[in-house]
Amino acid sequence: MDSHGDDTEVTGSGYRRPWLLYAVAAVLAVAVALGALTRWTAPGGPPSTASSGTSPTASRAASPSPGPTASPLDRLPSLDAQLLPDAGPWTPVERRHPVRGENAGAGCDYDAPGLVIAGAWTDGRAWGRSCTSGRDARSIVIRSTADGSFARHSAVLTFPVGRDLGADGTPETRHGVRGWWTPHSVAWWVGDDLELAVVRGDLPAARLTDIARAFRIGELGELHLDRVPGLRVDHHALYRSPVHHEASYTATAVHERDALGTAQVLTKVVAGAAIEDRLLAAGARPAAAVHGHPAVFVRTHDNAVVAWELSEGIVAVVAAHGVGPTADAEPALHRLAERAATVSSARWDQPDWEDVRSGHATETSPAAPR
């Protein structure tokens with residue numbers, strides 16, 4: 001075989017491929033990629049959809065194929081952290097050791113649906129994602145066997161948690177459990193490693209105590225709750241949601257300006273026990289069912305929230321931020337919830353949302369991450 005220089009490669013057909021051409025092609029590819037990146041990261045983000053002040057026809061004409069947009073959510077309070085108060089003073093923390101047998105990356109493999117409001121003039125979308133580790137805090141959701149439902153006659157037990165340094169009080173012994181008590185929670189030391197657990201809910205204090213006594217850590221580090229008469233374990237869940245979609249609308253865009261004024265309407269589908277924990281802490285009360293699912297309503301300051309469980313451990317939320325003090329937000333949010341439909345993660349970034357705007361999208365029942 002003839003010898004050849006280092007700048008060429010002899011292929012199976014005998015063709016000598018010049019490496020110099022490869023280098024030039026690589027440089028051109030990088031230049032194209034940088035140009036595309038600059039376009040999508042320029043101030044203001046990707047091209048936005050039409051203004052919410054336009055008519056439905058004008059909106060579609062101005063943006064016939066609206067793709068993912070720079071969402072107003074970037075300028076609004078977090079749906080979890082501010083629209084609903086923190087459930088504190090006990091904050092979930094990572095475990096000292098990962099739980100054997102659990103997939104540390106399970107949260108990263110989960111695709112949550114999005115919740116959209118049919119008939120809206122425009123849409124704003126934002127994608128949120130965080131991968132939980134095998135050390136992440138986990139929860140058990142417990143409900144009354146007689147009349148328990150989502151965030152109603154319910155409790156969330158979370159392990160492990162850390163105590164807020166600003167929390168007052170010393171541990172007390174009540175009903176045989178030594179811990180820290182509030183009207184709707186108890187936190188106590190668990191196991192030989194002396195880590196803290198907390199259970200919160202709208203169940204009577206004596207029932208919360210029964211739950212604390214029945215809780216134990218398995219040999220592999222898994223959470224167990226022994227049988228408590230009158231209560232049932234509804235499901236186990238990560239405390240934090242590993243992934244979610246959010247959408248934002250003006251009240252005008254969803255045709256509820258008369259009821260909600262200048263409020264911003266937010267929608268979200270979230271996994272994990274945190275949302276139910278926060279709703280219970282905020283004093284959520286029963287609301288009219290949404291698509292046949294039991295729902296709750298809560299009003300906090302200038303915010304209002306309607307939430308319901310799509311399937312075990314998967315919660316849909318429609319909220320309004322900036323609601324006036326005299327506004328009767330609950331009926332408006334319930335109307336929006338009834339108009340809302342879930343969109344799969346795969347469809348979330350697709351440009352054609354005409355079926356959603358026209359109200360033809362259908363609800364799905366996603367499965368919760370474990």
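- Distance OG/S144 to CZ/R152: 10.5 Å, rounded to 0.5 Å.
- T145 pairs by the side chain to side chain donor-acceptor pair (under 3.5 Å) definition with nothing, not counting sequence neighbours.
- Between E172 and R178, every side-chain heavy-atom pair lies at or beyond the 4.5 Å cut-off.
- Formation of a donor-acceptor pair under 3.5 Å by the H255 side chain with backbone atoms of G119 is found in this model.
- Screening residues 298-309 for salt bridge (charged side-chain N to carboxylate O under 4.0 Å, His left out), with sequence neighbours left out, gives R143-E309.
- Counting heavy-atom neighbours within 6.0 Å of H334 NE2, excluding the residue itself, gives a total above 12.
- With hydrophobic clusters built from ILVMFWY side chains whose heavy atoms lie under 4.5 angstrom apart, V305 shares a cluster with F150.
- A donor-acceptor pair under 3.5 Å links the side-chain atoms of T267 to the main chain of L115, judged by distance alone.
- Counting heavy atoms of neighbouring residues, nucleotides and ligands inside a 6.0 Å radius, atom NE2 of H224 exceeds 12 of them.
- The minimum heavy-atom distance between V318 and A337, with the atom names listed, is CG2-CA, 4.1 Å.
- Cluster membership check: V343 shares its hydrophobic cluster with I314, using side-chain heavy-atom separations under 4.5 Å among Ile, Leu, Val, Met, Phe, Trp and Tyr.
- Interatomic distance, D277 CG to S185 OG, rounded to the nearest 0.5 Å: 9.5 Å.
- One hydrophobic cluster, built from ILVMFWY side chains closer than 4.5 Å, holds both V270 and L279.
- A donor-acceptor pair is defined here as one N or O able to donate and one able to accept, closer than 3.5 Å; no such pair exists between the side chain of E256 and the backbone of A251.
- E246 has its side chain within reach of K268: a pair of non-hydrogen atoms, C-beta onward, lies under 4.5 Å apart.
- Looking at heavy atoms from C-beta onward, P331 lies in side-chain contact with R335 at the 4.5 angstrom threshold.
- When all heavy atoms are compared, the tightest approach of L333 to A319 is CD2-C, 4.1 Å.
- When atom types are taken as modelled, the side chain of R96 and the backbone of E195 share no donor-acceptor pair closer than 3.5 angstrom.
- We find the CZ-CZ distance between R138 and R95 to be 7.0 Å, quoted to the nearest 0.5 Å.
- Not one N or O on the side chain of R174 forms a donor-acceptor pair closer than 3.5 Å with the backbone of T209.
- Contact check on R232 versus D234 returns a salt bridge, with a Lys/Arg side-chain nitrogen under 4.0 Å from an Asp/Glu carboxylate oxygen.
- Placement of V306 and V254 within a single hydrophobic cluster is found when ILVMFWY residues are connected by side-chain heavy-atom separations under 4.5 Å, directly or transitively.
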Carefully, step by step, assess L196 and W189 under the rule side chain to side chain contact (heavy atoms under 4.5 Å, CB included).
CA-CA 5 Å; L196 287 162; W189 295 110; 3.5 Å; yes
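- Counting only distance, with no hydrogens or angles, the side chain of R207 and the backbone of A155 share no donor-acceptor pair below 3.5 Å.
- Using a 4.5 Å heavy-atom threshold, the side chains of N303 and H321 count as touching.
- Between the side chain of R240 and the backbone N or O of P92 there is at least one donor-acceptor pair closer than 3.5 Å.
- A single hydrophobic cluster is seen to contain both Y249 and V269, as judged by linkage of ILVMFWY side chains at heavy-atom distances under 4.5 Å, directly or through other members.
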Test side chain to side chain contact (heavy atoms under 4.5 Å, CB included) applied to R200 and L280, step by step
CA-CA 8 Å; R200 282 180 286 240; L280 287 165; 5.9 Å; no
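- Under a 3.5 Å cut-off, the side chain of Y239 and the backbone N or O of T158 do not form any donor-acceptor pair.
- The backbone N or O of G283 lies less than 3.5 Å from no partner atom in the side chain of D202, so there is not a single donor-acceptor pair.
- Between A288 and A295, the closest heavy-atom pair is O-CB, 3.5 Å.
- Nearest heavy atoms, A282 versus V298: O-CG2, 3.5 Å.
- Atom CZ of R216 sits about 4.5 Å away from atom CG of D226, to the nearest 0.5 Å.
- Under the 3.5 Å distance criterion, the side-chain polar atoms of S241 are matched with a main-chain donor or acceptor of A271.
- Contact detail for A327 and A259: the closest heavy-atom pair is CB-O, 3.7 Å.
- Listed by chain and number, the hydrophobic cluster partners of I140 are I142, L157, F159, V177, W181, V186, W188, V190, V199, L203, L208, I211, F215, I217, L223, L225, V228, L231, V233, where partners are ILVMFWY side chains within reach of under 4.5 Å, directly or through others.
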